[in-house]
Amino acid sequence: MTNQTLVSEFVLLGIQNFNFKIPLFSLFLLIYIMTIWENVLIIVLVSSSRNLQSPMYFFLRQLSLCDLLEVTDTVPTLLQTGIYDRVLMSFVGCITQYSLFCVSESFECLLLGVMSYDRYVAICIPLRYSSIMSHRVCVTLIFMSWVLGHITSLLMANFIATLQFCDQNTINHFFCDLLPILELSCSDTFFVQLEVTILSIPVAVFPLIFIIISYLCIAHAILKIVSITGRQKAFSTCGSHLAVVSIFYGTLISIYVVPHKKNSQTLSKLLSLLYTVVTPLINPLIYSLRNKDIRQALDHLVTRK
């Protein structure tokens, strides 16, 4: 028999059990506006400045695009739940939201792996950096990452669409995430979870392993540098990327890998807030606060305006 979806819409409860809803709504709205402004600014600076045309800034622009996609997909629903306590979302709308979220998360995993390779070549093979990380290679890597992200999203959406949802339609979350959706299904979700796990290996696990290997090689190369100033300069070129990787993968592992308890839904929501709301906000800050090129490009843009 063909699986049929008996539930036509879901109810998102958002972040409950929190007082001071108006201050929280104002805070999330402010973070949303700042995130949009910061990432758009990064895209404008990298696109308009001649000094920001290296592969690192090309990848940084793609990271800002990814963060914009993520916050525009999840934060508006979070703001709605802050006003109305709960939000009705159709089954198709829920799958669409999760698909866009899956695109951004999959692409960011792959992008962080690509950026670690860029830092590896810059530090370990500096004389061949220009030939290895050419513009054509960078565009090809980014194009393949976006394609793999969309393929992953379509497969994940297909997995969810095969499930049955009978009576329960209340999602105790502020957006349509995988685990809350699977908990509502009245079908056997074992094979779906198995397929998701297998699919996550090339998209999330392999990039993480590649990042770890790249940084082991980078650390080995940095230790060979005799001068302390040279070591600090070499480490400063990858410190921002390492911080972003730690925050991103740390929260993902905490939510999707570490076994969760039924009474830890509040903690799961807070961790989800960290990588869907806070991380897109701080990514531009991490990359720009200690970056002289970005600050100079910003000063030049302000002076020209």
Side-chain angles (χ1 to χ4, degrees), residues 30-72 75 103-104 107-147 149 211 214-215 218 229-230 232-248 277-305:
L30 178 62
I31 291 176
Y32 181 55
I33 295 173
M34 290 180 61
T35 302
I36 297 293
W37 181 81
E38 288 175 355
N39 286 282
V40 170
L41 181 61
I42 291 293
I43 295 173
V44 171
L45 288 177
V46 175
S47 302
S48 60
S49 176
R50 296 180 180 179
N51 297 327
L52 302 179
Q53 298 304 313
S54 65
M56 181 179 70
Y57 297 113
F58 175 73
F59 298 142
L60 180 58
R61 180 173 60 182
Q62 299 298 317
L63 180 62
S64 294
L65 286 172
C66 177
D67 287 339
L68 283 175
L69 174 62
E70 183 173 352
V71 296
T72 53
V75 177
V103 169
S104 63
F107 173 76
E108 187 163 352
C109 290
L110 298 169
L111 177 62
L112 292 176
V114 172
M115 295 176 75
S116 68
Y117 177 70
D118 173 70
R119 293 300 86 204
Y120 163 76
V121 176
I123 295 176
C124 300
I125 323 175
L127 298 180
R128 298 181 55 193
Y129 180 77
S130 300
S131 59
I132 295 177
M133 300 303 297
S134 62
H135 181 69
R136 182 177 180 180
V137 171
C138 294
V139 172
T140 302
L141 291 173
I142 292 301
F143 176 76
M144 292 176 59
S145 298
W146 278 116
V147 170
I211 291 171
S214 298
Y215 273 102
I218 290 173
T229 304
Q232 293 177 347
K233 184 178 180 180
F235 180 77
S236 64
T237 60
C238 56
S240 300
H241 176 259
L242 188 59
V244 171
V245 169
S246 301
I247 297 173
F248 179 76
V277 179
V278 179
T279 300
L281 172 69
I282 65 176
N283 279 348
L285 298 177
I286 292 175
Y287 277 102
S288 60
L289 284 179
R290 298 178 58 186
N291 193 302
K292 294 181 180 179
D293 294 334
I294 291 183
R295 291 203 302 266
Q296 290 176 357
L298 180 59
D299 292 339
H300 178 70
L301 179 64
V302 172
T303 304
R304 186 172 60 183
K305 292 298 182 181

| field | Rounded distance [0.5 Å steps], CG in N51 versus CD1 in I294 | value | 11.5 Å

| query | Okay, side chain of S47, backbone of V44: is any donor-acceptor separation there less than 3.5 Å? | reply | no

| task | Name all residues meeting the ring pair (Phe, Tyr, Trp, His ring centres under 6.0 Å) criterion together with F58; count only those two or more places apart in sequence or in a different chain, and write none if there are none. | result | H135

| said: Within the 4.5 Å heavy-atom criterion, are F248 and C109 side-chain neighbours or not? | reply: yes

| task | Could you tell me whether Y215 atom OH has more than 12 heavy atoms of other residues or ligands within 6.0 Å of it? | result | yes

| Do Y57 and I42 come close enough that some side-chain heavy atom pair is under 4.5 Å? | no

| note | In this structure, CG of L112 is separated from OG of S246 (nearest 0.5 Å) by 10.0 Å

| Residues in side-chain contact (heavy atoms from CB on, under 4.5 Å) with I282, at least two apart? | I247, V278, I286

| said: Are I132 and V137 packed together at the side-chain level, in the sense that at least one heavy-atom pair is separated by less than 4.5 angstrom? | reply: no

| task | Quick one: list whatever passes side-chain contact (heavy atoms from CB on, under 4.5 Å) with S145, sequence neighbours left out. | result | F107, L110, V114

| field | For L68 against T35, the heavy-atom pair lying closest together | value | CD2-O, 4.5 Å

| query | Between I125 and Y120, is any pair of side-chain heavy atoms under 4.5 Å apart? | reply | yes

| remark: In this structure, CG of L60 is separated from CG of N283 (nearest 0.5 Å) by 8.5 Å

| field | Pairwise side-chain contact, L281 with D67, heavy-atom cut-off 4.5 Å (strictly under) | value | no

| Is any side-chain heavy atom of Y32 less than 4.5 Å from a side-chain heavy atom of T72? | yes

| query | What distance separates S240 OG from M56 CE, expressed to the nearest 0.5 Å? | reply | 8.0 Å

| Exam field: side chain S131 to backbone R128, donor-acceptor pair closer than 3.5 Å | yes

| field | Distance in Å, R119 CZ paired with L242 CG, rounded so as to fall on 0.5 Å steps | value | 12.5 Å

| task | Would you name the heavy atoms of P126 and C124 that are closest together and state the gap between them? | result | CD-C, 3.4 Å

| Under 3.5 Å donor-acceptor, Q53 side chain and S48 backbone | no

| task | State, with a plain yes or no, whether a side-chain heavy atom of E70 is found less than 4.5 Å away from one of V103. | result | no

| said: In the structure I gave you, are the side-chain heavy atoms of L41 and P284 within less than 4.5 Å of one another anywhere? | reply: no

| field | Euclidean distance, I43 CD1 relative to Q62 CD, rounded to 0.5 Å | value | 8.5 Å

| task | Please name the pair of heavy atoms, one in S214 and one in S116, separated by the smallest distance, quoted to 0.1 Å. | result | OG-OG, 3.8 Å

| message | With a 6.0 Å cut-off on the ring centroids, do H241 and F59 count as close? | response | no

| message | Between Y129 and D118, do the side chains contain a donor N or O and an acceptor N or O under 3.5 Å apart? | response | yes

